[in-house]
Amino acid sequence: MFETSNQPHASRAVFILRLFGCLAISMLIVFAALAVGVLGYHHLAHFGWVDSLLNASMILGGMGPVDPLPCNEAKLFASAYALFSGLVLVMLTGLMLTPIAHRLLHRLHVDESDLDDKSER
């Protein structure tokens, strides 16, 4: 997907396409994670679709649930979904920063062997 250190830098257009590709993948992951939350709240907490969307969006965004949860199953789901949402955030951050970090390292001509030598010191 990315050029190696022996290859010339990708053009700005290719770099921007990579950024948009990572953004598109990130959006798909967010929509899938949101769908899991909406379905979980709808079926386990017996919320309506709009309330399920609101609660799932708030947890996925890091704000926490809006409505009180009626049963232990819903509370366990909310707990697992909150942990899952935190991991999704970390994963999406890495996904979005990958093309930027690669371009920066490629411009600096940093090899993995250079990184290994410095870590051994």
Side-chain angles (χ1 to χ4, degrees):
M1 179 173 176
F2 296 113
E3 63 277 358
T4 65
S5 61
N6 299 332
Q7 296 172 326
H9 292 200
S11 67
R12 185 170 296 187
V14 170
F15 174 68
I16 290 176
L17 282 175
R18 286 181 185 159
L19 283 176
F20 279 119
C22 288
L23 178 65
I25 293 169
S26 296
M27 295 302 290
L28 288 173
I29 293 169
V30 166
F31 287 132
L34 189 60
V36 168
V38 169
L39 291 172
Y41 277 113
H42 183 72
H43 291 293
L44 294 172
H46 306 290
F47 290 164
W49 289 109
V50 175
D51 289 332
S52 296
L53 176 64
L54 174 63
N55 279 281
S57 298
M58 293 297 282
I59 283 192
L60 193 58
M63 300 295 182
V66 176
D67 299 316
L69 300 171
C71 59
N72 287 335
E73 292 84 8
K75 292 174 185 177
L76 290 172
F77 169 76
S79 175
Y81 186 64
L83 293 172
F84 167 74
S85 296
L87 293 174
V88 167
L89 173 68
V90 170
M91 178 183 65
L92 294 180
T93 301
L95 180 63
M96 290 302 299
L97 289 177
T98 297
I100 298 166
H102 178 266
R103 190 161 181 96
L104 178 65
L105 291 175
H106 195 70
R107 283 194 185 267
L108 296 174
H109 300 287
V110 175
D111 275 343
E112 289 179 9
S113 61
D114 293 339
L115 293 174
D116 290 338
D117 291 342
K118 289 179 183 177
S119 65
E120 292 175 2
R121 292 181 193 172

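Heads up: numbering here begins at 1 and tracks the sequence.
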Nearest heavy atoms of F84 and A33, plus distance in Å: CE2-CB, 3.6 Å
Same cluster for I29 and V38 if Ile/Leu/Val/Met/Phe/Trp/Tyr side chains link at under 4.5 Å? yes
Which pair of heavy atoms, one from T98 and one from G94, lies closest together, and at what distance? OG1-O, 2.6 Å
Interatomic distance, CH2@W49 vs CG@L39, rounded to 0.5 Å, equals 5.0 Å
Give the cluster check for V50 versus M63: same hydrophobic cluster or not, with ILVMFWY residues linked at side-chain heavy-atom distances below 4.5 Å. no
Quick one: do L53 and V88 end up in the same hydrophobic cluster if we chain Ile, Leu, Val, Met, Phe, Trp and Tyr together by side-chain heavy atoms under 4.5 Å apart? yes
Distance in Å, L60 CG paired with N55 CG, rounded so as to fall on 0.5 Å steps: 12.0 Å
Nearest 0.5 Å please: distance from the CG atom of L69 over to the OH atom of Y41. 5.5 Å
Given L34, I59, V36, the one that forms side chain to side chain contact (heavy atoms under 4.5 Å, CB included) with S85: I59
Taking C-beta and beyond as the side chain, do C71 and L44 meet within less than 4.5 Å on heavy atoms? no
Rounded to the nearest 0.5 Å, what separates atom CD in E73 from atom NE2 in H46? 8.0 Å
Where G37 and A56 come nearest, the two heavy atoms and their spacing: C-CB, 3.6 Å
Quick check for you: to the nearest 0.5 Å, what is the distance between L17 atom CG and L23 atom CG? 12.0 Å
What one should report as the nearest heavy-atom pair of G64 and M58 is O-CB, 3.1 Å
Do you reckon M91 sits in the same ILVMFWY cluster as V30, going by side-chain contacts under 4.5 Å, direct or chained? yes
In terms of hydrophobic clusters joined by side-chain contacts under 4.5 Å, are L54 and F47 together? no
From OG (S79) to CZ (F77), nearest 0.5 Å: 10.5 Å
Heavy-atom closest pair (S26 atom, M96 atom, distance to 0.1 Å) is OG-SD, 3.4 Å
